[in-house]
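Step one of this worksheet: look at the structure below.
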Amino acid sequence: MIAKSIEKMLSENQEHFLIPAEMVANVQENNFLDHALLVLTKVRYAKIPVLDNDYKFKGLLSLSMITETMLGLDELDVSKLHEIYVKDVMETDMPTIQDPYDIENVLHLLVDHPFLSVVSNDGSFTGIVTRRELMKSLNHIAHEFEKDYTVQEIEVKEDK
Ligand code: AMP
């Protein structure tokens, strides 16, 4: 369990750590990999969400998933990129979260994932929560905490 006071302050800041869907670079599951390669190169993110035509969340795509398909024995074969769809190589085994978030779960998940996709009940993509935005909130709390709460240090007696 995380401290209730920290959870409360983070919850109050929730909307600050969501990057809304319209600000998030994405590719569609039916795009070919050559298009996806251009998008990923242009936006300069390591990994981005994959959506369908109805803006439903389907998975994640990274540059390395694309380059993997180009690996030949001793050279890169780019010709395949116009034959393979994003949905054929995307990652689908990743956690997603729902708004309102379970803050404790978000903190745990962000240890291993640089960002989390926020998906509503019907599968619609609402945005992402990134480590960076959460770190900004934690930074804010670290500065403001003692303005809202009185903290008392408890003396710990060491066993002899
Ligand atoms: P950050 O915590 O800002 O470094 O972001 C972590 C990861 O989240 C990035 O490497 C991207 O994979 C993803 N990301 C962050 N912002 C965006 C965005 N606007 N569009 C797509 N992906 C993003």
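Just follow the structure's listing: the first ligand is 1, and inside any ligand the first atom is 1.
- Contacts between Glu133 and ligand 1 below 4.0 angstrom, taking non-hydrogen atoms only, are absent altogether.
- At least one side-chain heavy atom of Leu138 sits less than 4.5 Å from a side-chain heavy atom of Leu10.
- Nearest non-hydrogen protein atom to atom 23 (C) of ligand 1 is Ile128 CD1, 3.5 Å.
- Two residues are said to be in side-chain contact when any heavy atoms from C-beta on lie closer than 4.5 Å; Lys136 and His16 fail this criterion.
- Residue contacts with ligand 1, taken as heavy atom pairs separated by less than 4.0 Å, involve Val24 via backbone and side-chain atoms alike.
- In summary, Glu83 and Lys80 do not engage in a salt bridge, as defined by a charged side-chain N under 4.0 Å from a carboxylate O.
- Side-chain contact between Met65 and Glu91 is present, with heavy atoms from C-beta onward closer than 4.5 Å.
- Proximity of Val43 to ligand 1, defined as any heavy-atom pair under 4.0 Å, is not found for any part of the residue.
- Distance from atom 19 (N) of ligand 1 to its nearest protein heavy atom, with residue and atom name: Met23 O, 3.1 Å.
- Taking atom 12 (O) of ligand 1 as the reference point, the nearest protein heavy-atom neighbour is Lys47 O, 2.5 Å.
- Closest heavy-atom contact between Leu116 and His113: CD2-CB, 4.1 Å.
- The protein heavy atom nearest to atom 10 (O) of ligand 1 is Ala46 N, 4.1 Å.
- Within ligand 1, the atoms closer than 4.0 Å to a non-hydrogen atom of Pro114 are 6 (C), numbered from 1 in the order shown.
- Between Gln98 and Asn121 the shortest side-chain heavy-atom distance falls below 4.5 Å.
- Regarding atom 20 (N) of ligand 1, its nearest protein heavy-atom neighbour is Ala25 N, 2.9 Å.
- Side-chain contact between Thr67 and Met70 is present, with at least one heavy-atom pair separated by less than 4.5 Å.
- Interface of Arg132 with ligand 1, defined as ligand atoms under 4.0 Å from a residue heavy atom, comprises 1 (P), 2 (O), 3 (O).
- Looking at heavy atoms from C-beta onward, Val118 lies out of side-chain contact with Thr96 at the 4.5 angstrom threshold.
- Heavy-atom contacts of Ile48 reach the following atoms of ligand 1: 21 (C), 22 (N) (cutoff under 4.0 Å).
- Here the shortest heavy-atom distance to atom 18 (C) of ligand 1, taken over Phe115, Phe17, Tyr45, belongs to Tyr45.
- Residue contact check: Arg131 has heavy atoms under 4.0 Å from atoms 2 (O) of ligand 1.
- Between Glu68 and Val89, the closest side-chain pair of non-hydrogen atoms is not below 4.5 Å.
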